[in-house]
Student: 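Submitted below is the structure of interest, expressed as structure tokens.
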Amino acid sequence: MSREDYEVVIGLEVHCELSTKTKIFCSCSTEFGGEPNSHCCPICMAMPGTLPVLNEKVVEYAVKAGLATNCKIEQNSKNDRKNYFYPDNPKSYQISQFDKPLCYDGYVTIEDEKGIEKKVRIERIHIEEDAGKLNHDDYGRGSFVDLNRAGVPLIEVVSKPDLRSAYEVESYMRKLKSIFEYIEISDCKMQEGSLRADVNVSIRKKGSTELGTRTEMKNMNSFKSIVRAIDYEIDRQIEVVEEGGEVVQETLRWDDISGRTFPMRDKEDAQDYRYFPEPDLVAIKLSEEYIENIRKALPELPESRKKRYIEEIGLSEKAANFVTSSKYYSNMFEKASEISNNPKAVSNWLMSDIARIMNEKELEPDKIPFTAENLAELVVLIDKGTISNSIGKKVLEELFENPKEPSKIIEEKGWVQISDEGAIREVVLKVLESNSQSVADYKAGKDKALGYLVGQAMKETRGKANPQMLNKMFMEELKK
Amino acid sequence: MQISKEEVMHIAKLACLNISDDEIESYRHNLEEILDFAKTVDSVNTEGVGETIGTNENYNVFRKDEVIDYGDREGLLKNAPSQDEGMFRIPKVLN
Ligand SMILES: [Zn+2]
């Protein structure tokens with residue numbers, strides 16, 4: 001048996017920190033960083049006698065998330081207490097939601113490896129509070145508790161076990177990230193932990209409908225680690241089964257350096273959370289009107305933008321998919337298209353060279369170092385013939401290194417295209433003179449020789465000659 | 001309502017309580033009594049009564065999303081048995 005004989009079944013619990021100004025149950029700031037315990041008060045530090053009050057924005061953002069992912073909204077919702085002891089959890093319970101999550105029964109659409117659209121069902125989205133942070137030092141003096149993150153609002157998005165590969169998991173998470181960025185409920189910064197996932201992986205023989213025993217990897221916060229960890233875990237589980245063993249249900253820790261998963265020291269009875277209705281909070285009742293007002297105020301979502309780009313602007317499906325994959329690309333596309341009046345060129349730059357460089361530099365779309373105006377100017381400079389396409393690529397590289405107006409870049413670098421007829425004729429004559437063999441070849445019917453001559457002229461002008469003019473002028477001179 | 005010795009030990013563990021062997025029986029007995037008392041609720045006729053969320057009939061008690069800086073970190077940390085660089089120092093937690 002090989003990997004092909006098994007089907008992989010993956011479900012995800014995605015935690016996303018909401019970008020409200022204040023925490024979920026107190027008025028402390030949610031700002032990232034800051035001196036330890038400087039964004040704290042008696043409520044988020046769980047001092048006796050304090051009471052939580054729910055932040056109205058948390059409910060609104062969670063409903064937004066639900067509507068944007070095709071969920072139904074629970075009109076009679078409530079909070080519940082999830083009990084566990086851990087030093088990053090000062091109350092020794094987390095206020096979460098158990099049987100009445102704000103949103104349920106949704107889905108998002110992703111593309112699988114073959115580019116085929118697929119629905120990933122969302123079981124529920126609920127609101128809860130984040131835990132604090134434990135710091136450790138190297139001297140064994142103890143652990144140090146910082147509660148700045150304690151009480152930061154989260155939504156947890158629980159998918160059905162609909163994902164079948166690491167590729168699909170990445171597509172799904174990117175889709176959620178993109179949607180949450182579009183509707184502006186989270187900055188989704190994975191490096192700051194504001195988007196992270198618990199990944200449940202199991203395998204089963206193809207054709208089987210029963211779910212295999214799953215293992216869980218907690219708090220994964222980079223796409224790269226998630227993909228590597230899942231691929232590793234699939235191979236590990238298949239090996240266990242192939243060798244006649246059984247997969248044990250356990251929580252695993254992924255180690256990026258060794259590229260392996262390790263069983264976590266099991267918090268025994270960890271699953272026994274003894275949920276009960278939170279007695280310190282009252283019910284959340286949402287009217288039709290409240291929900292409809294949020295629905296009406298939702299910004300245009302990627303699916304709709306994609307449709308518009310294909311139907312109104314004439315982008316290919318592939319281009320429209322790429323451009324809408326992130327709010328940052330999409331916004332840049334719209335703005336740069338409007339200024340340059342050349343949406344196809346803008347989408348080509350985004351999809352090819354910009355995507356390639358972003359990839360090489362391992363940058364996420366929110367980290368594009370230049371503006372839509374910069375990109376628009378680049379497109380216009382090429383359209384006007386001020387620079388050639390190949391110089392354009394050099395300008396783009398420069399925009400990543402040292403972003404400023406493209407016109408300034410080409411001026412400083414002396415990259416303005418030579419479109420002066422006299423100057424170009426001079427180069428053409430010089431090249432013809434020193435390449436008599438190619439001239440003879442061309443006259444003998446070898447058309448390829450023309451390309452060589454144009455290439456030499458480009459070399460001579462360090463890529464600055466206008467290629468159309470070069471071509472035309474060579475033809476003229478060679479006919480003489 | 002029957003409670004087993006194992007259940008008592010499990011609950012004690014979840015609550016991080018050390019219970020000695022000779023205490024188990026009294027806890028077991030007390031828990032049974034509590035559950036039997038709570039069972040009284042079952043005798044109420046709830047036919048036609050809708051589901052309630054909590055005992056407080058109030059709902060939608062919300063707070064505006066406006067930052068108020070508490071501003072007294074010293075005070076918050078003051079009663080901690082041990083602190084270091086603005087953090088609570090606790091016995092080393094292994095992960
Ligand atoms: Zn607070």
Side-chain angles (χ1 to χ4, degrees), chain A residues 20-22 25-31 35-45 47 53-60 76-78 83-88 90 92 100 134-137 140-147 253 264-265 268-269 272 274 277-279 281-286, chain B residues 3-19 27 31 34-35 38 41 49-95:
Chain A
T20 53
K21 293 191 195 77
T22 67
F25 299 121
C26 64
S27 303
C28 293
S29 167
T30 54
E31 202 183 314
E35 287 290 302
N37 294 311
S38 60
H39 300 156
C40 294
C41 72
I43 297 169
C44 53
M45 279 199 165
M47 299 290 177
V53 186
L54 183 54
N55 180 345
E56 62 181 4
K57 279 275 171 211
V58 172
V59 178
E60 182 190 322
N76 289 294
S77 188
K78 68 176 168 85
N83 298 279
Y84 67 94
F85 284 110
Y86 205 67
D88 63 6
S92 73
K100 298 228 171 236
L134 293 183
N135 297 288
H136 309 281
D137 72 5
R141 293 182 306 139
S143 295
F144 303 86
V145 187
D146 172 7
L147 297 176
R253 182 176 60 83
M264 298 230 294
R265 266 169 37 111
E268 272 174 78
D269 307 308
D272 196 345
R274 295 147 294 142
E278 173 55 59
L281 291 164
V282 297
I284 306 166
K285 295 192 184 206
L286 304 180
Chain B
I3 293 247
S4 68
K5 188 181 161 198
E6 287 69 33
E7 279 171 308
V8 174
M9 281 154 61
H10 176 66
I11 293 162
K13 194 171 176 188
L14 288 172
C16 293
L17 293 175
N18 286 316
I19 294 182
Y27 274 105
L31 282 170
I34 292 168
L35 287 175
V41 179
V49 178
E51 189 184 18
T52 49
I53 294 176
T55 49
N56 192 325
E57 285 180 14
N58 223 337
Y59 59 90
N60 293 357
V61 177
F62 296 136
R63 209 187 74 241
K64 290 252 178 280
D65 187 27
E66 289 163 3
V67 177
I68 300 170
D69 184 11
Y70 183 69
D72 183 13
R73 184 167 71 154
E74 295 279 291
L76 290 169
L77 290 163
K78 189 167 74 179
N79 293 329
S82 177
Q83 52 165 298
D84 197 12
E85 292 177 34
M87 290 183 276
F88 298 100
R89 192 171 117 184
I90 59 168
K92 190 161 179 65
V93 178
L94 292 170
N95 230 335

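Here is the naming used below: chain letters follow the sequence lines, and residue numbers restart at 1 for every chain.
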Student: Do you know which two heavy atoms are closest between Ser77(A) and Lys100(A), and how far apart they sit?
Tutor: OG-O, 2.7 Å
Student: Find the distance between CE (Met87(B)) and OG (Ser143(A)) and round it off to the nearest 0.5 Å.
Tutor: 10.5 Å
Student: Roughly how far, to the nearest 0.5 Å, is the OH atom of Tyr27(B) from the CD1 atom of Ile3(B)?
Tutor: 14.0 Å
Student: Please state whether the side chain, the backbone, both or neither of Leu147(A) comes within less than 4.5 Å of a heavy atom of chain B.
Tutor: side chain
Student: Give, as side chain, backbone, both or neither, the part of Val59(A) having an atom under 4.5 angstrom from any heavy atom of chain B.
Tutor: side chain
Student: Below 4.5 Å, heavy-atom pairs only: which of Gln83(B), Lys64(B), Lys92(B) has the largest tally toward chain A?
Tutor: Lys92(B)
Student: Quick one: what part of Asn76(A) sits under 4.5 Å from any heavy atom of chain B, side chain, backbone, both or neither?
Tutor: both
Student: I need the residue from Glu278(A), Lys285(A), Lys57(A) with the largest number of non-hydrogen atom pairs under 4.5 Å to chain B.
Tutor: Lys285(A)
Student: Side chain, backbone, both or neither: which part of Thr30(A) has a heavy atom under 4.5 Å from chain B?
Tutor: neither
Student: Does a side-chain N-to-carboxylate-O contact under 4.0 Å join Lys21(A) and Glu66(B)?
Tutor: no
Student: Could you state the interatomic distance from CD1 (Ile90(B)) to OG (Ser82(B)), rounded to the nearest 0.5 Å?
Tutor: 10.0 Å
Student: With sequence neighbours excluded, tell me which residues meet side-chain contact (heavy atoms from CB on, under 4.5 Å) with Ile11(B).
Tutor: Leu31(B)
Student: Heavy-atom pairs under 4.5 Å with chain B are the metric here; pick the option from Pro36(A), Ser38(A), Cys40(A) that has the most.
Tutor: Pro36(A)
Student: For Glu85(B), is it the side chain, the backbone, both or neither that has a heavy atom under 4.5 Å from a heavy atom of chain A?
Tutor: backbone
Student: Looking only at heavy atoms, which of residues 67-77 of chain B get nearer than 4.5 Å to chain A?
Tutor: Val67(B), Ile68(B), Asp69(B), Tyr70(B), Arg73(B), Leu76(B), Leu77(B)
Student: Hydrogens and angles aside, do Asp65(B) and Thr20(A) bring a side-chain donor and acceptor to less than 3.5 Å of each other?
Tutor: no
Student: Nearest 0.5 Å, please: how far is CG in Leu14(B) from CG in Asp272(A)?
Tutor: 5.0 Å
Student: Report which part of Pro277(A) has an atom under 4.5 Å of a heavy atom belonging to chain B: side chain, backbone, both, or neither.
Tutor: neither
Student: Taking all non-hydrogen atoms of both residues into account, name the closest pair between Asn37(A) and Gly86(B) and its distance.
Tutor: ND2-O, 2.6 Å
